Amino acid sequence: MILEGLVTTANADGRPHLAPMGAVLENESSEPLQRVLLRPYQTSTTFANLKRTGQAVFHVTDDVLLLARVAVGKVDPLPTVRRSQGVEGWILEDACRWHALRVATIDASQPRAEVQTDVVASGRNRDFFGFNRAKHAVLEAAILATRVNLLPFDEIRGQLDRLAVLVEKTAGPREREAFELLEQFVQQSHDGRPGGAAP
Ligand SMILES: Cc1cc2nc3c(=O)[nH]c(=O)nc-3n(C[C@H](O)[C@H](O)[C@H](O)COP(=O)(O)O)c2cc1C
């Protein structure tokens, strides 16, 4: 099973880097969690950081506005992060749960690397909000936004139109803002491309 979340790694200058990323769980009901597989593209900053530092922190969150901002690179200022005793990485204060990871093996034989990690520490900050269709829609829209260079615009736009119905029906203000941000990003990426709408 793949759990979508936010991964923090340390940049070369020591500052935190955030990226939305899926974590493949060996056994989702195993408590405590022991192993997590990350599958970052080798072109990603997260992959470079994992390779250099051998560590990351995976966060479970229901904050889809933060996830959307990170997905489109508009996460300035950074959310509050902290260090924890015995943990090398950066922990997002507002995440529901976090797992500090130590890289065990890296398989870089494919463009999407397989980074097997051991969970070295875990923590719980607050409850998970629960199911909400608009949050789910924003999550899907965020994935689409990170694929603007891979998928045809019309396909992305069509999927966004379907997801917009869920946002209309069930969103709170943060989900609305997140969805608008993603829609704008997709549109601007299209307009700025050769063959896009802009002159
Ligand atoms: C919910 C979600 C899950 C994602 N999962 C992955 C993933 O497992 N691997 C990956 O390479 N990119 C994934 N992406 C896309 C990356 O976040 C995106 O390409 C990002 O630019 C790469 O991170 P970077 O900032 O480390 O370069 C995901 C995006 C979203 C919104």
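Both counts, for ligands and for their atoms, begin at 1 and track the order of listing. All values derive from a computational prediction rather than experimental measurement.
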**Q** Show the atoms of ligand 1 that are less than 4.0 angstrom away from any heavy atom in Tyr41.
**A**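 Every atom of ligand 1 under 4.0 Å from some heavy atom of Tyr41: 10 (C), 11 (O).
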
**Q** Could you tell me which non-hydrogen atom of Cys96 sits nearest to which non-hydrogen atom of Thr61, and how far apart they are?
**A**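 Here Cys96 and Thr61 meet closest at SG-CA, 4.1 Å.
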
**Q** Which protein heavy atom lies closest to atom 8 (O) of ligand 1, and at what distance to 0.1 Å?
**A**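 Among all protein heavy atoms, the one nearest atom 8 (O) of ligand 1 is Arg112 NH2, 2.9 Å.
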
**Q** Looking at Thr146, which atoms of ligand 1 are within less than 4.0 Å of one of its heavy atoms?
**A**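 In order of number, 15 (C), 29 (C).
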
**Q** Give a yes or no on whether the backbone of Ala10 and the side-chain of Arg52 come within a donor-acceptor separation of less than 3.5 Å.
**A**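 Yes, Arg52 side chain to Ala10 backbone: donor-acceptor pair under 3.5 Å.
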
**Q** Would you tell me which option among Gly5, Gly22, Ala141 has the nearest heavy-atom contact to atom 5 (N) of ligand 1?
**A**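 Nearest option to atom 5 (N) of ligand 1, by heavy atoms: Gly22.
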
**Q** Check whether any protein heavy atom sits under 4.0 Å from atom 14 (N) of ligand 1.
**A**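 There is a protein heavy atom less than 4.0 Å from atom 14 (N) of ligand 1.
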
**Q** List the atom of Val120, the atom of Arg102, and the distance in Å for their closest heavy-atom pair.
**A**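 In this case the closest contact between Val120 and Arg102 is CG1-CB, 3.8 Å.
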
**Q** Using modelled atom types only, decide if a donor and an acceptor are shared between the side chain of Asn11 and the backbone of Gly14 within a distance under 3.5 Å.
**A**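 Absent.
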
**Q** Show which atoms of ligand 1 fall inside a sub-4.0 Å distance from at least one heavy-atom site of Leu139.
**A**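 Numbered from 1, ligand 1 contributes 1 (C).
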
**Q** Examine distances only and state if a side-chain atom of Asn125 and a backbone atom of Ala95 form a donor-acceptor pair shorter than 3.5 Å.
**A**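 Yes, because the side chain of Asn125 sits within donor-acceptor range (under 3.5 Å) of the backbone of Ala95.
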
**Q** Hey, which atoms in ligand 1 end up nearer than 4.0 Å to a heavy atom of His17?
**A**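 Going through ligand 1 atom by atom, the ones under 4.0 Å from His17 are 24 (P), 25 (O), 26 (O).
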
**Q** Flag Thr43 as yes when one of its N or O atoms lies below 3.5 Å from any N or O atom of ligand 1, and as no otherwise.
**A**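 Between Thr43 and ligand 1 (N or O atoms, distance only) the closest approach is not under 3.5 Å.
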
**Q** Please indicate whether Arg176 has more than 12 foreign heavy atoms, meaning atoms of other residues, nucleotides or ligands, lying under 6.0 Å from its CZ.
**A**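 Yes, enclosed.
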
**Q** Just wondering, do Val7 and Leu18 contact through their side chains at under 4.5 Å, heavy atoms?
**A**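 No. Closest side-chain heavy atoms not under 4.5 Å.
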
**Q** Which ligand 1 atoms, with their elements, are less than 4.0 angstrom from a heavy-atom of Ile143?
**A**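 Answer for ligand 1: 1 (C), 2 (C), 30 (C), 31 (C).
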
**Q** Are any of the protein's heavy atoms under 4.0 angstrom from atom 29 (C) of ligand 1, yes or no?
**A**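 So far as the 4.0 Å threshold goes, atom 29 (C) of ligand 1 is in reach of a protein heavy atom.
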
**Q** Which distance, rounded to the nearest 0.5 Å, do you find between the CG of Asp62 and the CZ of Phe131?
**A**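 Going from the CG atom of Asp62 to the CZ atom of Phe131 covers 12.5 Å.
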
**Q** Considering the heavy atoms of Arg39, write down every atom of ligand 1 situated less than 4.0 Å from one of them.
**A**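 Going through ligand 1 atom by atom, the ones under 4.0 Å from Arg39 are 7 (C), 8 (O), 9 (N), 10 (C), 11 (O).
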
**Q** When you measure from atom 27 (O) of ligand 1 to every protein heavy atom, which one gives the shortest distance, and what is it?
**A**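 Checking every protein heavy atom, the shortest distance to atom 27 (O) of ligand 1 gives Thr45 N, 3.0 Å.
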
**Q** If you measure every N or O of Glu4 against every N or O of ligand 1, does any of those distances drop under 3.5 Å?
**A**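 Checking ligand 1 against Glu4, no N or O pair falls under 3.5 Å apart.
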
**Q** Do me a favour and list the nearest non-hydrogen protein atom to atom 10 (C) of ligand 1 with residue, atom name and distance?
**A**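 Going by distance alone, atom 10 (C) of ligand 1 is nearest to Met21 CE, 3.5 Å.
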
**Q** Might you work through the side-chain hydrogen bond (donor to acceptor under 3.5 Å, both in side chains) test for Ser122 and His99, ending with a clear yes or no?
**A** CA-CA 4 Å; Ser122 294; His99 301 286; 2.7 Å; yes

**Q** Could you tell me which atoms of ligand 1, counted from 1 in the order shown, lie closer than 4.0 angstrom to a heavy atom of Ala142?
**A**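 Near Ala142, the atoms of ligand 1 are 31 (C).
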
**Q** At their closest point, which heavy atom of Leu182 faces which heavy atom of Ala142, and how far apart are they?
**A**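 Heavy atoms only, the tightest pair is CD1-N, 3.6 Å.
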
**Q** Out of Ala48, Pro40, Pro20, Ala145, whose heavy atom sits nearest atom 16 (C) of ligand 1?
**A**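 Checking each option, the heavy atom nearest atom 16 (C) of ligand 1 is found in Pro20.
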
**Q** For atom 20 (C) of ligand 1, what is the closest protein heavy atom, and at what distance to 0.1 Å?
**A**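 Protein heavy atom at minimum distance: Ala19 CB, 4.9 Å.
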
**Q** Side chain of Gln42, backbone of Gln110: donor and acceptor closer than 3.5 Å?
**A**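 Side chain of Gln42 to backbone of Gln110, a donor-acceptor pair under 3.5 Å: yes, one is there.
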
**Q** If you have a sec, work out which protein heavy atom is nearest atom 22 (C) of ligand 1 and how many Å separate them, to one decimal?
**A**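 Scanning the protein heavy atoms, the shortest distance from atom 22 (C) of ligand 1 goes to Ser44 CB, 3.9 Å.
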
